[in-house]
Each structure stands twice: as C-alpha cells, then as structure tokens.
Amino acid sequence: MPNLGPTELIIIGLILVLLFGAKKLPEAARGLGRSLRIFKAETSKLREDDEAAAPTATVVQAQPVAPAPQQIATPAPAAAPTAEEQARALEEQAARLRAQSVAPKQQ
C-alpha cells in the first residue's frame, strides 16, 4: 500500500466534505469517538476479568465433600448489552433528541 502524503490526505478530506457535507462530518466523528470509548472500556473490562480469573499457585488440601443440596433451576440473568448495542442505543437517543429540538422550530 503506498504511503499517503499531506497532498493525498488533503484531497481525501475535500472529497469527504463534498460527499457527506460539513454538517454530517462532526456528527460522524462524535459517533466514532463514542464507539471507540465504549470499545476501550469493554476491552479493559475483559482484561480485568482475565487477570482476576488467572489461577494462583496456592496449595489446597483435599477435604471430604458433602453432597450439595438440590437447587431449583432459575433463569439466567439477561446478558449485558454489547458495545455495539450500546453505541446504537446512544445514536438512536441522540437522533430522537435532535428530532425533538427541530420539531418546535419548524412550527
């Protein structure tokens, strides 16, 4: 892949402005920033979970185990939303807020 110089980057920027318009680019950048923040938070949580689940070198003596009492099956808790679902929900909420703020101005 060829290296991109400053001239090529300026041309790409101008094409983006022409294609999407000056109003849409800041919104797209904000959405991308939110997505990256959510992604970063999720990956750090995964790392913390991996570190917490790492086995430690402790010696445990075997104890006789009593049979566990029977438990009634309960439904599993709902899974936490993924980063993609969180980003989509934020974007939908922002769109609704924009629509509400534009509606009174048009009347």
Side-chain angles (χ1 to χ4, degrees):
M1 187 170 165
N3 292 334
L4 296 176
T7 307
E8 290 86 3
L9 292 175
I10 291 172
I11 292 171
I12 292 170
L14 289 173
I15 291 172
L16 287 174
V17 169
L18 289 174
L19 286 175
F20 297 108
K23 289 185 178 182
K24 294 287 183 181
L25 288 177
E27 292 174 19
R30 270 187 230 109
L32 180 64
R34 286 184 192 126
S35 299
L36 289 175
R37 264 185 261 126
I38 291 170
F39 180 75
K40 183 179 177 183
E42 292 296 323
T43 55
S44 66
K45 286 180 186 176
L46 287 174
R47 282 192 203 115
E48 290 171 2
D49 290 345
D50 288 345
E51 290 172 358
T56 57
T58 58
V59 177
V60 178
Q61 290 183 342
Q63 298 279 336
V65 178
Q70 293 288 343
Q71 294 181 352
I72 298 173
T74 58
T82 64
E84 195 172 84
E85 291 170 343
Q86 289 175 349
R88 191 175 309 118
L90 285 173
E91 289 172 3
E92 289 173 0
Q93 185 179 13
R96 277 185 295 215
L97 290 174
R98 269 188 252 117
Q100 289 175 355
S101 66
V102 171
K105 292 179 184 178
Q106 292 176 350
Q107 293 176 352

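The model shown is predicted, which means the values in this text are computed figures rather than measured ones.
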Find the distance between [atom1] ([X]) and [atom2] ([Y]) and round it off to the nearest 0.5 Å.
| X | Y | atom1 | atom2 | result |
| --- | --- | --- | --- | --- |
| Leu32 | Arg37 | CG | CZ | 10.0 Å |
| Leu14 | Leu19 | CG | CG | 11.0 Å |
| Leu16 | Ile11 | CG | CD1 | 12.0 Å |

In terms of hydrophobic clustering (I, L, V, M, F, W, Y; side-chain heavy atoms under 4.5 Å; direct or indirect links), are Val17 and Ile15 co-clustered?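 Both belong to a single hydrophobic cluster.
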
Please table the atom pairs, donor to acceptor, closer than 3.5 Å between any side-chain atom in residues 40-47 and protein atoms at least two apart or in another chain.
residue: Thr43; atom: OG1; partner: Phe39; partner atom: O; Å: 3.2
residue: Thr43; atom: OG1; partner: Lys40; partner atom: O; Å: 2.9
residue: Ser44; atom: OG; partner: Lys40; partner atom: O; Å: 3.4
residue: Ser44; atom: OG; partner: Ala41; partner atom: O; Å: 2.8

Using distance only, find each side-chain donor-acceptor pair of residues 82-91 under 3.5 Å and give its atom names and separation, not counting sequence neighbours.
residue: Thr82; atom: OG1; partner: Glu85; partner atom: N; Å: 3.2
residue: Glu85; atom: OE1; partner: Thr82; partner atom: N; Å: 3.0

